Colleague: 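To start, I am sharing the structure in question, which I have written as structure tokens.
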Amino acid sequence: MTMSFTERAAAEIRNHLVARGGGQGIRVVVETSECSGLAYRLEYVDAGEDGDLVFDSHGEKIFVDPKSLVWLAGTVIDFLEIGDDSGFAFINPNVTSQCGCGDSFYV
């Protein structure tokens, strides 16, 4: 079970870490969302936690707790710029549907 970045997403993570003055990578957490599904949360990692699984992709690290990895196995994180909007996109092979607003997903 792995996770990875596209080159574009890894470059964006690198830029964010440099702008904030450092860090080891990002943590991806899956949590219950207000839309009655699951949602992704990203946070900076300055120090790993016990039990973390760490994936190195294009020179950047993704930290995941084992509980979240169940929902994230095989996910690729991309960074998209569409018009004036930009953000991370999750290509998750485990997702069976998404809510109407796109903020949560179901497996």
Side-chain angles (χ1 to χ4, degrees):
M1 292 196 274
T2 64
M3 291 186 64
S4 62
F5 289 122
T6 63
E7 288 184 43
R8 189 173 37 219
E12 189 66 21
I13 293 297
R14 189 173 308 111
N15 291 339
H16 281 272
L17 292 173
V18 167
R20 75 179 289 268
Q24 290 186 5
I26 62 157
R27 176 178 311 286
V28 181
V29 178
V30 173
E31 56 191 12
T32 303
S33 87
E34 295 176 11
C35 282
S36 72
L38 300 170
Y40 305 106
R41 180 171 45 92
L42 299 176
E43 56 189 43
Y44 295 112
V45 174
D46 292 320
E49 297 176 4
D50 287 342
D52 276 346
L53 299 160
V54 183
F55 303 99
D56 193 320
S57 181
H58 298 287
E60 299 304 321
K61 290 185 170 64
I62 304 168
F63 291 76
V64 183
D65 65 274
K67 183 179 172 185
S68 292
L69 187 60
V70 170
W71 313 112
L72 295 168
T75 297
V76 176
I77 302 171
D78 197 0
F79 184 78
L80 303 177
E81 294 178 290
I82 302 170
D84 292 336
D85 294 327
S86 63
F88 291 99
F90 295 82
I91 304 150
N92 185 339
N94 306 296
V95 170
T96 58
S97 64
Q98 294 182 316
C99 71
C101 68
D103 287 339
S104 66
F105 64 95
Y106 308 93
V107 291

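Model, not experiment: these values are computed from the prediction.
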Colleague: Give me the other members of the hydrophobic cluster that Val18 sits in, counting Ile, Leu, Val, Met, Phe, Trp and Tyr linked by side-chain heavy atoms under 4.5 Å, directly or via other members.
Modeller: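 Under the 4.5 Å side-chain rule, Val18 groups with nothing.
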Colleague: Could you measure the distance from the CG atom of Leu69 to the OG1 atom of Thr2? Nearest 0.5 Å is fine.
Modeller: 8.5 Å
Colleague: With sequence neighbours left out, write down each residue that passes side-chain hydrogen bond (donor to acceptor under 3.5 Å, both in side chains) with Glu31, or none if nothing qualifies.
Modeller: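 Listed in chain order: Arg41.
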Colleague: Strictly distance-based, threshold 3.5 Å: is any side-chain N or O of Asn94 a donor or acceptor partner for the main-chain N or O of Trp71?
Modeller: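 Indeed, once roles are kept as given, a pair shorter than 3.5 Å links the two residues.
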Colleague: Compare every heavy atom of Asp65 with every heavy atom of Val28, then report the nearest pair and how far apart it is.
Modeller: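 Distance-wise, the nearest heavy atoms are O-OD1, 4.5 Å.
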Colleague: Walk me through it: do Phe88 and Glu12 pass the test side-chain contact (heavy atoms from CB on, under 4.5 Å)?
Modeller: CA-CA 9 Å; Phe88 291 99; Glu12 189 66 21; 3.8 Å; yes
Colleague: Report yes if some heavy atom in the side chain of Phe55 is under 4.5 Å from a heavy atom in the side chain of Thr75; otherwise report no.
Modeller: no
Colleague: Calculate, to the nearest 0.5 Å, the distance between atoms CD1 and CE belonging to Ile91 and Met3 respectively.
Modeller: 11.0 Å
Colleague: Search all heavy atoms of Pro93 against all heavy atoms of Ala73 and return the closest pair with its distance.
Modeller: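 Closest pair (atom of Pro93, atom of Ala73, distance): CG-O, 3.6 Å.
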Colleague: What's in the same ILVMFWY side-chain cluster as Val29, cut-off under 4.5 Å, chained through other members?
Modeller: none
Colleague: Can you list, pair by pair, the side-chain donor-acceptor contacts under 3.5 Å of residues 44-53, counting residues two or more places apart and other chains?
Modeller:
from  : atom 1 : to    : atom 2 : distance (Å)
Tyr44 : OH     : His16 : ND1    : 3.4
Asp46 : OD1    : Arg20 : NH1    : 2.8
Asp46 : OD2    : Arg20 : NH2    : 3.3
Asp52 : OD1    : Arg27 : NH1    : 2.7
Asp52 : OD2    : Arg27 : NH1    : 3.3
Asp52 : OD2    : Arg27 : NH2    : 3.1
Asp52 : OD2    : Glu49 : N      : 2.7

Colleague: Surrounding CD of Glu7 (heavy atoms of other residues, nucleotides or ligands, distance under 6.0 Å), is the total greater than 12?
Modeller: no
Colleague: Measure across Thr6 and His58 and return the closest heavy-atom pair with its distance rounded to 0.1 Å.
Modeller: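 The pair with the smallest heavy-atom distance is C-CD2, 3.7 Å.
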Colleague: Can you tell if the side chain of Ile77 reaches within under 4.5 Å of the side chain of Tyr40, non-hydrogen atoms only?
Modeller: no
Colleague: Which atom pair, heavy atoms only, marks the closest approach of Phe63 to Gln24?
Modeller: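 Between these two residues, the closest heavy atoms are CZ-OE1, 3.4 Å.
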Colleague: Could you tell me whether the side chain of Phe79 reaches within less than 4.5 Å of the side chain of Ser86, counting heavy atoms only?
Modeller: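 Yes, side chains in contact.
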Colleague: Any link between Val76 and Ile13 through a network of hydrophobic side chains (Ile, Leu, Val, Met, Phe, Trp, Tyr) touching at under 4.5 Å?
Modeller: no
Colleague: Looking at Ser57 and Ser4, would you say the former's side chain and the latter's main chain have a donor-acceptor pair under 3.5 Å?
Modeller: no
Colleague: Return the set of residues passing side chain to side chain contact (heavy atoms under 4.5 Å, CB included) with Val70 (not counting sequence neighbours), or none when no residue passes.
Modeller: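 Applying side chain to side chain contact (heavy atoms under 4.5 Å, CB included) to Val70 gives none.
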Colleague: According to the salt bridge (Lys or Arg N to Asp or Glu O under 4.0 Å) rule, which pairs have a member within residues 77-98, sequence neighbours left out?
Modeller: Arg8-Asp78
